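What you see is a predicted model, and the numbers here were worked out from it, not measured in a lab. Counting begins at 1 with the first residue of the sequence.
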Amino acid sequence: QVQLVESGGGLVQAGASLRLSCAASGRTFSSYVMGWFRQAPGKEREFVAAITWSGGRTYYADSVKGRFTISRDNAKNTAYLQMNSLKSEDTAVYYCAVRSGGGAYYLGTQYNYWGQGTQVTVSS
């Protein structure tokens, strides 16, 4: 089992920044991908960003590319999502997730474990 705990969400104005954290504990994988997804009210969950734990490769949704940065601290088993130039359309519950297998990094169905989510609200 892997436990994931997100933190760092909040209410900010458009143009502001936030940094989300995702701390992993429990069973750890020697090589796995950690992803961030989000779900806005009335919408489907969507991929935001992902990072490989060993290689440090990163992937982004087009909607956040250039504004969001995903990173990780292996020693702390923690991943981060730095969100800059926030827009009202970024308002959502943000979830981190981990997968141990392969497959498309942007598909939530490929991820084995999920956190409970943290709310991000951007006021315009």
Side-chain angles (χ1 to χ4, degrees):
Q1 287 286 348
V2 174
Q3 292 77 44
L4 301 173
V5 178
E6 303 99 334
S7 61
L11 171 63
V12 297
Q13 291 188 332
S17 299
L18 278 176
R19 188 177 81 156
L20 305 183
S21 299
C22 177
S25 61
R27 177 187 175 188
T28 57
F29 300 98
S30 60
S31 173
Y32 60 93
V33 172
M34 179 170 276
W36 286 96
F37 292 78
R38 67 187 182 186
Q39 187 166 20
K43 295 188 177 180
E44 293 188 353
R45 182 180 62 196
E46 65 174 355
F47 168 75
V48 176
I51 187 168
T52 58
W53 210 251
S54 58
R57 287 177 293 165
T58 58
Y59 310 90
Y60 296 95
D62 288 342
S63 59
V64 306
K65 203 171 293 183
R67 299 188 298 121
F68 291 10
T69 303
I70 189 171
S71 62
R72 85 277 191 238
D73 183 335
N74 292 346
K76 296 182 178 179
N77 269 344
T78 300
Y80 305 95
L81 185 68
Q82 177 67 43
M83 306 185 296
N84 298 330
S85 302
L86 283 162
K87 305 175 181 179
S88 57
E89 51 262 44
D90 295 318
T91 294
V93 177
Y94 283 70
Y95 300 90
C96 66
V98 164
R99 72 164 206 204
S100 58
Y105 54 85
Y106 52 85
L107 291 178
T109 53
Q110 302 294 320
Y111 288 75
N112 308 93
Y113 301 98
W114 292 80
Q116 302 237 355
T118 185
Q119 176 71 48
V120 172
T121 303
V122 184
S123 63
S124 56

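Linking ILVMFWY residues whenever their side-chain heavy atoms come closer than 4.5 Å, directly or via other members, places Val33 and Leu107 in the same cluster. Leu11 and Val120 are members of different hydrophobic clusters when ILVMFWY side chains are connected at heavy-atom separations under 4.5 Å.
Aromatic ring centres of Trp36 and Phe68 lie farther apart than the 6.0 Å criterion allows.
Closest non-hydrogen pair, Thr91 versus Gln119, comes out as CG2-NE2, 4.1 Å. In terms of heavy-atom proximity, Val48 sits nearest to Leu81 at CG1-CD2, 4.1 Å. Nearest heavy-atom pair, Ile70 versus Met34, reported as atom, atom and distance to 0.1 Å: CD1-O, 3.9 Å. For the residue pair Ala49 and Tyr60, the shortest heavy atom distance occurs at CB-CD2, 3.7 Å. Closest heavy-atom contact between Val2 and Ala24: CG1-CB, 4.5 Å. Looking at every heavy atom in both residues, Gln1 comes nearest to Gln3 through CB-NE2, 3.5 Å.
A distance of 13.5 Å separates CZ of Arg45 from CZ of Arg38, quoted to the nearest 0.5 Å. The distance from the OG1 atom of Thr118 to the CD atom of Gln116 is 11.0 Å, given to the nearest 0.5 Å. Summarising the geometry, atom CG belonging to Leu86 is positioned 12.5 Å from atom OG belonging to Ser124; distances are rounded to the nearest 0.5 Å.
The main-chain N or O of Ala61 is never found under 3.5 Å from a side-chain atom of Ser63 such that the two would form a donor-acceptor pair. Remark: the backbone N or O of Gly103 is paired with a side-chain donor or acceptor of Arg99 at under 3.5 angstrom.
There is a side-chain donor-acceptor pair under 3.5 Å between Asn112 and Ser100.
The list of ring pair (Phe, Tyr, Trp, His ring centres under 6.0 Å) pairs with a residue in residues 79-108, not counting sequence neighbours, reads Phe47-Tyr105, Tyr59-Tyr105.
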Could you go through residues 12-22 and list every donor-acceptor pair under 3.5 Å that involves a side-chain atom there, pairing it with any protein atom two or more places apart or in another chain?
unit_1	atom_1	unit_2	atom_2	d
Ser17	OG	Asn84	OD1	2.9

*Should Lys87 and Asp90 be marked as a salt bridge (charged side-chain N to carboxylate O under 4.0 Å, His left out) after you check the CA-CA gap, both sets of side-chain angles, and the distance that decides it?*
CA-CA 5 Å; Lys87 305 175 181 179; Asp90 295 318; over 6 Å; no
